[in-house]
Structure formats: C-alpha cells, structure tokens
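Contents: one structure, followed by commentary.
All values below come from the heavy atoms of this structure, side chains included, with hydrogens, waters and symmetry mates left out. Residue numbering restarts at 1 for every chain, and letters A, B, ... go by the order of the sequence lines.
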2 protein chains.
Amino acid sequence: MPSGSDLPTTSWAVLGMLSHADELSGYDLKKWADWSLQFFYWSPSFSQIYAELKRLEKHGYATSRTVLSEDGVRGKRMYAITPAGREAVSHWVNHSPVEAPVLKHSVMLRAWLGHLAEPDRLREILTEHIDYAEAMRRRAEADAEGSKTNPDWAFPSAVLRWCVRHYEAEREFAKDLLADLDKLATTGRNPRGRSRSRRTAKPRGSTRP
Amino acid sequence: MPSGSDLPTTSWAVLGMLSHADELSGYDLKKWADWSLQFFYWSPSFSQIYAELKRLEKHGYATSRTVLSEDGVRGKRMYAITPAGREAVSHWVNHSPVEAPVLKHSVMLRAWLGHLAEPDRLREILTEHIDYAEAMRRRAEADAEGSKTNPDWAFPSAVLRWCVRHYEAEREFAKDLLADLDKLATTGRNPRGRSRSRRTAKPRGSTRP
DNA sequence: GTGTACATGTAATCCGTTACATGATTCC
DNA sequence: GGAATCATGTAACGGATTACATGTACAC
C-alpha cells in the first residue's frame, strides 16, 4: 500500500501525539498540541489536524471509530495509532534527515530595523515580548510539573524542562537587549536624519543554508 | 495606488534589508539574508526574493535599474528602497501587530518522541545539533565582530549579539538534555515493550495560541 | 437565553519551496 | 576544460491559514 516516509513533519508530529496516547479526537489533539507541541514546534490549526488525521488513516497509520454519547446522538471520531503507524513514525524519528530548526522571530526582526522604529514603541515591543516569554515559561513549568511523576512521560518531560530553560533565556536575553538599546539611545543620539556615511552592504561569504 | 500594509512579513524583511543599504541585487539580498536574517528569521529562497522584489516595486516601495558591466553585455538589476517604501516599512515596524515568534524545532520533536527512538540514534541527533548550534554561534559572532565598529549598524549589531547568546544557550541546553537522556537510559531501563500503564492523554486547559 | 466549550469539516487563498532552464564569468 | 559563482527567472506543487458553515451541550 502507501509506501515511503515522505510526509510533512506536521503529519509525524500528529502521529507522534497519537503514539503517546490510546485514543484521541481531533479536538483533543488540537488542545493537547496547544500545551505541548506549542512550546517547541507549533500548533497546527484545527482544519489541518482534521486533514492530517484523514491522511494518516488513508496511509494505514491510524484508525478511527465513531463514539456516541449516551443519548446516542452526537458522535465524535476517536483516532488511534496502528502498529504500521508506530513503525512509520519510529522510522521517521530514527532515519529521516533532521531538518534545521526554524526560527522566525519577528520581534528581533523589528529590533534589527530599529533605525526605522520609534524608540518608545520598540521598547514597548520588547517589553511585551519579555512578558510573553515569562508566560510561556510559566506554562511550560506547570506542564513539566504535571508530567514529571509518570515514567511513561520521561521524554516529553525532559523536553519540557528544555522548554522552561529556553523561555527563561529568551526572557533574559530580551531584557539585556532592551538595556542595550536604551544605552544606544542615550549615547549615540543621532539628532535626526540618517548619517550619510552609509556604505553599501557588503555581504561576506559563508553560504550555509 | 496600492494601499494598506498587508504584505507578508517576508516582504518587510526584504524591504528592511534594502533600508540598510543603498542598492542591492536579488542575488546580493539572498547572500546577505544568509548571514544576517538567517540567524533570527529565515532566509527566503532565491525565487521568492525575486518575486518579493517585483511585488515591492509594483507597490512603489522599491525602484530598480539595470546595471551593465563594462563590456555592456550582461545586465543585473539593482534595487533601492523609495521614500514611500521607507515609510511603509517604518509603519510596519511601529504599528502592525507583532506576530508571536515561531519555533519549529524538529530536534526537540524527535526527543519528545524518544520512546520511539533508538537511543544511540537520538544521542547522535542531539550531538549533531550541538555542533550546529556551535557553528551558528561562531558565524553570528564573526558577523557581530564585523559590524560593531560602524554606528550605522548599531541595531543589527545588537541583534547579532542577541543571536550569539541565543545559539550559545541552544548548545548548552542541548548538552544538558543529552545528559538527561543518558541518565534516563541507565536508570529506568524499560526492558522492552511499552509498559501498559499508559493513561489516555488528559489535556489540561490553558488554550493560549 | 446567552455565551462558552465541544466537535468537525469545506473552500478559497496564498506563502514558499523545489525543480528546472539559461547563460556569462572566473578561477584552477 | 571543468567547477564554482554570479545572475534571474518560470512552473508546478503542496503546506497551512483564514473564513465560513453547522450543530450540540452546559453553565450562569
């Protein structure tokens, strides 16, 4: 049947979530992604999760069954990983080329364009980012706390601890950058209008994608 | 004329690069993105850069002229930001909603699925990631060094210092995670086959996208 | 009775990549 | 003579999002 492990990473992430549980609905998966995957990968939208689940089922990596509530009216579809699915995702973990981590940090992009920013606004953006990092750290910490007892969650738990430190560092570095920029504003103080010593950007070698 | 600041972030990143220089070709931009944007945002492909440049020109945010070599044969197209472009990208920096930073860390995803990994392979993946982070740190450091003298590059320089610390931390945390996992392997040692105490994943609240 | 959470999907759209095509120049 | 770099683009594809559509259950 369907062969090759050429699915997008998102599919493996979803299948990986299924490998941690017995049975989950699309809705469950989204909610769970929001408090686990979210910290180090990203949380796909509802619509994509439903689409991924269909694809996984088509590949034979997951099965689903309709569960009815007592009254037998509304149904929901619960998904479970199959042995083939477990094997496939294991194969992906162990044998597929590891993609470079992707970082799209729009806050840093704005700081990089600081010469175009109103100083107060830039400070505000960084302050909000510091709060964001702190909130993320707290959430990760709470989740790490919740999973640390169960030995079945050893790996997620270890990654969660990584996340806690990551967001801690994120906050610290942003604070220091903010301080740096404040120093810049008080020291150099270019009155107005960019100095005309602008040289043409001269990229130096090192083309490592 | 084209109005509104509803362009994808990538467009602003490209226009932002133009705001740092006088004139750049698409090729220049790609090369430069590889050693600057790359560290905190990502480097778009050639084809996208060319497409973005056309779009920016269509919006009146950039102009281009064809530059011929001495022999007058091969031409290349050099792009420059316009006043309207400078204003537009400033407006984006100061007034558009700041998107949450995006992190897609496929190494952590694999670690999170460590129960499916061959321990040696997982260790290898992490080791390679440590080397990757070290290489990125070194590149960022070299670039920070190169830009620290010129006051025109104060903001990019500050961001570059942020990057150096970021990749330093990345390396450190990965090393510690590796140590954690090694401890895990020697301590708990589940002989084979997952323990059947698997509980259904019970997501807890906190839906913060 | 009104809002929030549960629950699942379709359609349109677009962002971005890879693969492909082309050709000059420079270095070894 | 051949590889690497400069230089620009097109076409096909697919990944992912937003907006829309729909309906139940439950708490206040």
Side-chain angles (χ1 to χ4, degrees), chain A residues 4 6-14 23-35 37 41-57 64-79 97 99-100 102 104 106 202-209, chain B residues 6-14 23-34 37 41-57 64-79 97 99-100 102 104 106 202-209:
Chain A
D6 44 0
L7 288 174
T9 308
T10 306
S11 303
W12 302 117
V14 171
E23 241 191 357
L24 294 169
S25 70
Y27 199 88
D28 291 338
L29 280 161
K30 171 61 177 166
K31 292 292 119 175
W32 193 30
D34 284 344
W35 75 263
L37 268 194
Y41 211 76
W42 95 118
S43 189
S45 61
F46 273 115
S47 62
Q48 203 191 350
I49 287 191
Y50 289 118
E52 290 299 348
L53 286 171
K54 280 190 177 162
R55 171 154 54 178
L56 290 172
E57 193 167 25
S64 70
R65 64 188 189 100
T66 302
V67 176
L68 298 177
S69 55
E70 286 97 74
D71 48 55
V73 178
R74 77 220 123 103
K76 69 175 175 176
R77 191 161 284 272
M78 300 292 283
Y79 286 86
E99 317 84 25
V102 173
K104 290 176 82 168
S106 86
K202 197 59 198 299
R204 294 98 100 244
S206 67
T207 309
R208 242 212 58 187
Chain B
D6 44 0
L7 288 173
T9 308
T10 305
S11 304
W12 302 117
V14 171
E23 243 191 355
L24 293 169
S25 69
Y27 199 88
D28 290 339
L29 280 161
K30 170 61 177 167
K31 292 294 118 172
W32 193 29
D34 284 344
L37 270 193
Y41 210 77
W42 96 118
S43 190
S45 62
F46 272 115
S47 62
Q48 203 191 348
I49 287 192
Y50 289 118
E52 290 300 347
L53 287 171
K54 280 190 178 163
R55 170 154 54 177
L56 291 172
E57 194 167 25
S64 70
R65 63 187 189 100
T66 304
V67 176
L68 299 178
S69 55
E70 286 98 71
D71 49 55
V73 179
R74 77 222 122 102
K76 71 174 174 177
R77 191 162 284 273
M78 300 292 285
Y79 287 86
E99 315 85 23
V102 173
K104 289 176 83 168
S106 85
K202 197 59 196 300
R204 293 99 101 248
S206 68
T207 307
R208 241 212 61 185

Taking five pairs at each end, how big is the angle between the two axes of the helix from dG1(C)-dC28(D) to dC28(C)-dG1(D), to 10°? 40°

Among dT18(D), dA7(C), dG15(D), the nucleotide that comes nearest once only the side chain of Gln48(A) is considered: dG15(D)

Heavy-atom side-chain contact between Arg55(A) and Pro8(A) under 4.5 Å: yes

Among the nucleotides dA16(D), dA5(C), dT8(D), whichever has the atom closest to the side chain of Tyr27(A) is dA5(C)

Quick check: closest heavy atoms across Tyr50(A) and Gly26(A), and the distance to 0.1 Å? CE2-CA, 3.7 Å

Of dT17(D), dC6(D), dG16(C), the nucleotide closest to the side chain of Pro8(B) is dG16(C)

Measure distances between side-chain N and O atoms of Ser47(B) and base N and O atoms of dT18(C), and say whether any donor-acceptor pair falls under 3.5 Å. yes

Closest to the side chain of Lys54(A), out of dT8(C), dC15(C), dG9(C), is dG9(C)

With respect to the side chain of Lys31(A), which nucleotide from dC6(C), dT17(C), dT8(D) is positioned closest? dC6(C)

Please give, in whole Å, the distance from dT10(D) P to Phe46(B) CZ? 16 Å

What's the closest nucleotide to the side chain of Ser25(B) if the choices are dA7(C), dT8(D), dA16(D)? dT8(D)

Which heavy atom of Leu56(B) sits nearest a heavy atom of Val14(B), and at what distance? CD1-CG1, 3.9 Å

